[in-house]
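Notes follow once the structure below has been shown.
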Amino acid sequence: MCGIVGYIGSGDVVSVILRGLTNLEYRGYDSAGMALRDDGTIKIYKTLGKLINLKNELESKRKEIIHPTAGIGHIRWATHGNPSLVNAHPHTCTCGKLVVVHNGIIENYKELREELLKKGCKFRSQTDTETIAHLVADEYASSKDLEVALRNSVIKLQGAYAICVMHKDVPDVIIGARKHAPLLVGIGENENFIASDTPAIIEYTKKTIYLDDNEIAIVSKDKVKITNTKGKVVEKKTEILPFEPVALSKMGFKHFMLKEIYEQPDVIRNLLNGKLYDISSPIALNEVKIDKGIIKNLNKIQIIACGTSLHASLVGKYIIEDFTGISVDVEPSSEYIYRKTTTDESTLVIGVSQSGETADTMTAIKQAKEKKSHILIITNRPDSNMARYADSLIPVNAGIEVSVAATKSYTAQLISFYLLALHIAEIKGSLDEKYLKNIKHELIQLPYKIEEILSNTTQIQECAKKFSSFKNFIYIARGINLATAYEGALKLKEISYINATGYAAGELKHGPIAMLDETMPVLSILIPGSITYEKILSNSEEAKARNAKLIALTSSDDKNLNNLFDIVIKIPKVSEILSPSIACVPLQLLAYYIAEFLGKDVDQPRNLAKSVTVE
Ligand code: AGP
């Protein structure tokens, strides 16, 4: 996945594109580049590594940049061709007059490359993107019209693309096109933008046109025209972005991840607001557009998601089955899309995605849509491509999440599942009234309990310091918190590169126990009141007997835990069914502080990108 920013206008082209790329850095950061239309020529700058290197490069070359009027920039997360200067975007055609930046994968690039080589094109990189540059230039040579050239080119491309092109001989325009990868146009005063995502433009304009697949945007500084691949003008709605530039500031926190962890109480309040008024009123989830009669008879739900969203979905399964009795399957999108599924028109399919962009989940949703299932999307990006496929849409409203490691969006997904399950349960009448009221009461209290955790993190920091030198971790839990163990372990892996694995505590003795010794700490999630509490205690004892260092995450007041565990991290009391939404917080903090102590790049961990737009 990569980030694209195109700009044409009377502003400071270099600064605008750099700002935009900075706000898209979550999309990739192994190399960066920019092409400028300046003084009648195209000037290209590329650097390896993070965007700061491109900033420094451009700063050092400031004297040779005279008065650019347009430019296209790119931040790369390598797919075809390793991260290197030659593979960094923008790519050019043989004569260097046409430049292109691209996000996505061109599946038929080898065939196209063969044809273009025969025509005399000189390739310099190993990327699929360079093919686009030669292809458009070849079309331009015959049509002498950049719009026509791009249109004729994109119909030959197979795969996914968001593209932005600029040509030396076509001075007053930048052109974008998209298919299966996001691209939007930002509309300003005397300036316009093309970008992969809204953070790139939010500091300049809130007016946006989202391109759909197979659309082309012809953008000059005071005009925007959108056409389809047949050249027909498409009338598009201009939308106003729902957030402020301040969402992209660290607000005094050292990292976005820490800021986002601390935002969680407000994220929950925000999400509950208007949906859960008081414990006696029914959940107001008007977002769910399924006929009540259909909900009453619903007997199959499938949830598809990846990564952290998949873990939220595993919790969702427990909640929905517990509250409604409806059978729920959860599957990684990447598995769902390559097998014969039982999805049909009577299945409710729930797609969960922070970004609404993840390629595997997107494909899974499209497949389910073809089978005429009702599609419910839970996402933090109601403006995303995935959201457009939704029959019902629950926006989790967590605000822009910048850190690659998902935190507040996870909690917001969990809360969405509670609201959804309660809503279904109320329609079906599947919950006892007293229990229902208790759950609602506890939900309203959750933000305060998370605030309690966040108000004193000393113990978590001490734990992080003590354990930051270990190379491996095991997280164990049972029941609804098994997903918490998976998620806690994923957080640690992602940002500290420590090998951490979540296991069902009962599975420990079926294999993983062989790994236990004094070098393998075991973190146990223990929620008193659950029928498995004692069982997990026994599993922890088994680990202790193999000399493993033990950490407990618990709401128990049992002083004896201090004898068994090396560190006991306390969380406020909460019923087991709601406990994942607060148990995840200390685990996010533990991962954060371990990574911090190890001096890792917390917000932009190696090899990762925030949303994965390739399958
Ligand atoms: C979470 O910390 C990761 N960044 C990753 O696992 C992520 O959750 C996954 O790629 C799915 O992304 P999505 O929620 O945007 O679909």
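Order of appearance sets the numbers: ligands from 1, and atoms from 1 within every ligand. The basis for the numbers below is simple: all heavy atoms, side chains too, and nothing from hydrogens, waters or symmetry mates.
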Which protein heavy atom lies closest to atom 11 (C) of ligand 1, and at what distance to 0.1 Å? Cys306 O, 3.3 Å
Near Ser309 (heavy-atom distance under 4.0 Å), the atoms of ligand 1 are 8 (O), 13 (P), 14 (O)
Would you mind listing which atoms of ligand 1 come within a distance below 4.0 Å of any non-hydrogen atom of Ser355? 13 (P), 15 (O), 16 (O)
Hey, which atoms in ligand 1 end up nearer than 4.0 Å to a heavy atom of Glu494? 1 (C), 2 (O), 3 (C), 4 (N)
Give the atom numbers and elements of ligand 1 that come within less than 4.0 Å of a heavy atom of Ala406. 1 (C), 2 (O)
Out of Thr361, Thr308, Asp360, Ile495, the nearest non-hydrogen contact to atom 8 (O) of ligand 1 is supplied by Thr308
Nearest non-hydrogen partners of Val396 and Ala412, listed with the distance: CB-CB, 3.6 Å
Would you name the heavy atoms of Ala88 and Ala32 that are closest together and state the gap between them? CB-O, 4.3 Å
Measure the distance from atom 16 (O) of ligand 1 to every protein heavy atom, then report the residue, atom name and distance (to 0.1 Å) of the closest one. Thr358 OG1, 2.4 Å
Table please: side-chain donor-acceptor pairs of residues 484-492 below 3.5 Å, with sequence neighbours left out.
from	atom 1	to	atom 2	distance (Å)
Thr484	OG1	Asn481	OD1	2.6
Glu487	OE1	Thr308	OG1	3.0
Glu487	OE1	His311	ND1	2.8
Glu487	OE2	Thr308	OG1	3.1
Glu487	OE2	Lys491	NZ	2.5
Lys491	NZ	Thr308	OG1	3.1
Lys491	NZ	Ala406	O	2.8
Lys491	NZ	Glu494	OE1	3.4

Do the charged groups of Lys317 and Glu321 touch, with an N to O distance under 4.0 Å? yes
Near Ala405, which atoms of ligand 1 are under 4.0 Å from a heavy atom of that residue? 2 (O)
Ranked by distance from atom 10 (O) of ligand 1, the top protein heavy atom is Val612 CG2, 4.2 Å
Stepwise, does the side chain to side chain contact (heavy atoms under 4.5 Å, CB included) test hold for Asp603 with Met257? CA-CA 6 Å; Asp603 284 334; Met257 182 178 176; 3.5 Å; yes
Using heavy atoms and a 4.0 Å limit, tell me yes or no: is Lys491 in contact with ligand 1? yes
Enclosure of Lys366 NZ (heavy-atom neighbours >12, cutoff 6.0 Å): yes
Using the six-membered ring wherever Trp is involved, compare the ring planes of His89 and His102 and label them parallel, tilted or perpendicular (cut-offs 30° and 60°). parallel
Is the shortest distance from a heavy atom of Val404 to ligand 1 less than 4.0 Å? yes
Tyr592: which residues meet the ring-ring contact (aromatic ring centres under 6.0 Å, His included) condition with it, sequence neighbours left out? His255
